[in-house]
Amino acid sequence: MASKSWLNILIFLCGSAIGFLLCSQLFSILLGEQGDTQPNVLHNDPHARHSDDNGENHLEGQMNFNADSNQHKDENTDIAENLYQKVKILCWVMTGPQNLEKKAKHVKATWAQRCNKVLFMSSEENKDFPAVGLKTKEGRDQLYWKTIKAFQYVHEHYLEDADWFLKADDDTYVILDNLRWLLAKYDPKEPIYFGRRFKPYVKQGYMSGGAGYVLSKEALKRFVDAFKTDKCTHTSSIEDLALGKCMEIINVQAGDSRDTTGKETFHPFVPEHHLIKGYLPRTFWYWNYNYYPPIEGPGCCSDLAVSFHYVDSTTMYELEYLVYHLRPYGYLYRYQPTLPENILKEISQTNKNEDTKVKLGNP
Amino acid sequence: MVSASGTSFFKGMLLGSISWVLITMFGQIHIRHGGQTPDHEHHHLRPPNRNDFLNTSEMTPMELSKGIRVFCIIFGESEDESYWVVLKETWTKHCDKTELYDTKNDNLFNIESNDKWVQMRTTYKYVFEKYGNNYNWFFLALPTTFAVIENLKYLLFTRNASQPFYLGHTVISGDLEYVTVEGGIVLSRESMKRLNRLLHNSENCTDQSVIWRLSEDKQLAICLKYAGVHAENAEDYEGRDVFNTKPIAQLIEEALSNNPQQVVASCLSDMAITFNGLTPQKMEVMMYGLYRLRAFGHYFNDTLVFLPPVGSEND
């Protein structure tokens with residue numbers, strides 16, 4: 001009788017131990033599943049487009065970094081404002097009805113505000129957003145149609161409102177101030193366009209669609225004209241390549257967008273993919289596509305980068321924060337870019353009695 | 001007989017499960033209570049204002065900047081060994097001196113203990129004895145933390161290191177306000193002095209608790225309190241935390257998911273000092289985003305000037 005009750009107690013204790021362990025294991029397995037980070041999407045085709053959302057959570061709200069301007073009371077933006085007036089850029093963002101709230105919204109909340117004029121191009125009109133309706137269908141095969149129609153729309157309605165015309169995707173982040181610095185030394189009456197230059201298929205190279213590209217006013221005129229005269233037609237749905245081929249036909253030059261140290265400014269991926277050595281495998285198409293010798297590590301990217309691509313909503317705000325807000329106080333940056341000649345002359349004329357360097361402080 | 005032992009087994013399992021649930025819940029309440037306390041109990045520390053600048057205007061920016069010397073201690077363990085290399089190659093280059101202490105592989109002291117508090121106090125004692133005279137500020141961070149030393153120096157440059165300062169991201173737990181190690185811990189030379197006076201007697205500042213071991217950052221706070229040093233939460237001019245315990249992406253996501261219908265004012269400070277929870281790759285990206293990537297045409301009139309470190313590419 002005694003041994004039976006001892007046995008019962010033993011079994012009871014075993015049960016409680018097992019119950020305890022089972023619960024904690026179950027819980028940690030559940031936690032483990034939630035803790036999985038999302039896989040980074042490495043697109044294995046240069047012309048791969050952002051298909052449907054791969055199930056990632058999209059950000060519901062929006063963040064405004066400029067809600068209080070007190071943080072920037074030590075900041076002198078005279079040069080940036082001067083360039084805003086001198087180098088007028090119209091931005092059009094390739095988007096679609098499904099992506100207005102998911103992606104385009106965050107573009108609108110961040111970098112788009114720095115364009116002299118911004119238009120969101122969709123297949124159908126949306127008066128509230130607002131988005132322009134191009135009257136095409138949606139889908140990967142419509143990209144070149146959308147591009148052609150977007151440029152035609154811009155040419156018809158806004159030609160005199162800007163000197164340069166930028167195309168970007170709704171997952172491209174663009175630093176307009178740096179684009180203005182790049183373009184300031186060129187004349188918009190020249191037939192030229194800039195972007196991340198790729199070498200295959202087109203002798204002078206063509207510009208990556210996702211990294212964004214910018215046409216001079218003359219380039220835009222020639223492009224739109226070419227479709228009127230059938231010099232260029234809708235040859236394929238690979239937007240950036242087809243546009244690049246057309247540019248070559250109409251004698252618009254593919255420009256060199258690298259900075260004065262030879263570092264690239266337009267980027268087809270987010271900074272991490274370019275900065276971390278070995279992130280992009282050697283077999284990846286990118287290494288064979290780049291027009292100039294491709295570099296990974298710190299030499300990949302200019303301090304005055306113009307664009308990044310495959311930027312998700314969180315990263316839009318992160319880039320906005322890193323570029324325009326967070327800074328190391330008092331830091332003397334290694335790369336000291338110079339102002340273009342014409343701008344320098346103008347500034348020294350308007351500030352006749354002040355030494356330009358003293359006024360500017362620490363760039 | 002079999003069914004009797006069967007039921008007692010299941011009764012046992014039930015008891016085991018219930019007791020696990022109770023213990024976890026109790027643990028959660030304990031943690032949650034520690035976090036939710038009204039702000040007005042905090043001590044705050046803000047960056048210098050215009051009046052503070054006036055007192056220092058006789059010195060050149062270079063002299064002013066060289067006057068603040070920060071000693072960095074990286075303290076903790078990590079499964080990813082590459083952290084230690086990356087830390088040396090990234091932000092710690094901007095410290096005046098750095099000591100990296102891997103608590104798992106104990107390269108410095110060969111203490112037998114795995115007790116983080118014992119390791120921490122030994123580290124502080126060692127650093128003060130060896131370097132206490134040459135540096136005026138001592139900053140301790142985890143291997144997963146990224147710190148902007150220039151902004152730390154800006155926060156501190158008008159403060160007197162002969163005063164007992166103890167700063168970071170503070171949390172109130174019961175009646176103890178302490179600086180969380182995840183955000184980084186800043187001690188002035190005076191605080192280090194007082195701490196070390198206490199630590200010289202190994203009986204002081206030992207963990208008295210039996211069941212719930214207090215974390216090392218709480219232990220430090222208790223010990224410092226005994227020495228008359230109190231924690232202060234460091235903030236910017238708008239009251240935003242400058243020591244962050246999470247990475248930028250997470251802070252953004254949290255802010256936006258809490259207010260899906262609104263446009264949220266940014267919770268991130270222009271003069272943020274730390275972010276925690278970064279991978280080694282994210283640290284490399286921070287170096288570029290912080291020390292290189294910027295918008296052309298924006299200039300600043302800063303009172304301090306910091307030169308880039310010699311012989312590096314990523315800043």
Side-chain angles (χ1 to χ4, degrees), chain A residues 7-8 11-20 22-24 59-65 67-68 70-71 74-77 79-80 83 109 175 177-178 181 271-272 275-276 298 301 303-305 314 317-318 321-335 337 360-363, chain B residues 4-5 8-17 19-21 61 65 148 150-151 154 236-238 248-249 252-253 255-257 259-266 268 270-272 281-282 284-285 288-308 313-314:
Chain A
L7 192 64
N8 271 344
I11 291 171
F12 182 83
L13 286 172
C14 275
S16 55
I18 288 173
F20 196 94
L22 228 97
C23 267
S24 64
L59 289 180
E60 293 284 347
Q62 278 173 242
M63 192 176 268
N64 180 357
F65 283 93
D68 65 83
N70 259 329
Q71 287 203 91
D74 280 336
E75 189 175 353
N76 179 333
T77 53
I79 305 269
L83 280 178
I175 304 168
D177 297 84
N178 294 344
W181 173 78
E272 190 167 354
L275 286 164
I276 305 299
C301 313
D303 286 24
L304 301 185
T314 310
Y317 294 106
E318 191 166 355
Y321 176 62
L322 290 173
V323 175
Y324 288 99
H325 299 274
L326 180 67
R327 69 183 185 95
Y329 187 85
Y331 190 67
L332 202 66
Y333 298 103
R334 267 184 228 276
Y335 180 50
L360 293 179
N362 193 19
Chain B
S5 44
S8 57
F9 182 82
F10 282 113
K11 275 184 211 162
M13 263 193 71
L14 201 64
L15 180 70
S17 320
S19 53
W20 179 85
V21 170
S65 316
V148 187
E150 287 79 12
N151 290 348
Y154 176 58
D236 67 9
Y237 297 106
E238 276 73 42
I248 297 173
I252 290 171
E253 274 164 23
L256 291 179
S257 62
N259 301 284
Q261 298 310 316
Q262 299 169 304
V263 180
V264 172
S266 173
L268 298 162
D270 278 23
M271 47 170 293
Q281 290 81 10
K282 287 276 188 276
E284 303 272 18
V285 176
Y288 172 71
L290 176 68
Y291 290 110
R292 295 180 52 209
L293 181 67
R294 60 202 186 275
F296 181 80
H298 297 245
Y299 298 90
F300 298 89
N301 269 319
D302 292 340
T303 313
L304 300 173
V305 59
F306 299 108
L307 299 178
E313 264 193 311
N314 57 0

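These figures come from a predicted structure and were not determined experimentally.
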Check whether any side-chain heavy atom of [X] sits under 4.5 Å from a side-chain heavy atom of [Y], and report yes or no.
X	Y	value
Tyr331(A)	Leu290(B)	no
Leu256(B)	Tyr317(A)	yes
Val285(B)	Leu322(A)	no

- Contact part of Leu13(A) toward chain B, heavy-atom cut-off under 4.5 Å: side chain, backbone, both or neither? neither
Nearest non-hydrogen partners of [X] and [Y], listed with the distance:
X	Y	result
Asp302(B)	Gly330(A)	OD2-N, 2.8 Å
Phe20(A)	Ser19(B)	CD1-OG, 3.7 Å
Ile79(A)	Tyr299(B)	CG1-CE1, 3.5 Å
Asp303(A)	Arg292(B)	OD1-NE, 2.8 Å
Glu284(B)	Leu275(A)	O-CD1, 4.4 Å

- Message: Shorter than 4.5 Å, heavy atoms on both sides: which option in Pro337(A), Pro271(A), Cys301(A) has the most such pairs with chain B?
- Response: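 Ranked by heavy-atom pairs under 4.5 Å with chain B, first place is Cys301(A).
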- Query: Using a cut-off of under 4.5 Å for heavy-atom pairs, which of Ile175(A), Leu83(A), Asp177(A), Leu304(A) has the most such pairs with chain B?
  - Reply: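 Looking at each option in turn, the highest pair count goes to Asp177(A).
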Count the heavy-atom pairs under 4.5 Å between each of [options] and chain A, then report the option with the highest count.
options	result
Val148(B), Asn151(B), Leu15(B)	Asn151(B)
Glu313(B), Lys282(B), Met13(B)	Met13(B)
Val21(B), Asn314(B), Leu307(B), Ile248(B)	Ile248(B)

Looking only at atom types and distance, does a side-chain atom of [X] sit under 3.5 Å from a main-chain N or O of [Y], one as donor and one as acceptor?
X	Y	value
Asn301(B)	Asp74(A)	no
Tyr291(B)	Arg334(A)	no
Arg327(A)	Phe300(B)	no

- Task: Fit a plane to each ring of His298(B) and Tyr324(A), take the angle between them on a 0 to 90° scale, and name the class: parallel (under 30°), tilted (30 to 60°) or perpendicular (over 60°).
- Result: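 The rings of His298(B) and Tyr324(A) stand perpendicular, inter-plane angle above 60°.
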- Contacts of type ring-ring contact (aromatic ring centres under 6.0 Å, His included), residue Tyr288(B), not counting sequence neighbours: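 ring-ring contact (aromatic ring centres under 6.0 Å, His included) list for Tyr288(B), sorted by chain: empty.
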What distance do [X] atom [atom1] and [Y] atom [atom2] have between them, rounded to the nearest 0.5 Å?
X	Y	atom1	atom2	answer
Leu14(B)	Phe12(A)	CG	CZ	8.5 Å
Trp181(A)	Phe296(B)	CH2	CZ	7.5 Å
Ser16(A)	Phe9(B)	OG	CZ	9.0 Å

- Residues which pass side-chain contact (heavy atoms from CB on, under 4.5 Å) with Ser65(B), listed by chain and number, not counting sequence neighbours: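 Here the qualifying residues are Leu304(B), Val305(B), Phe306(B).
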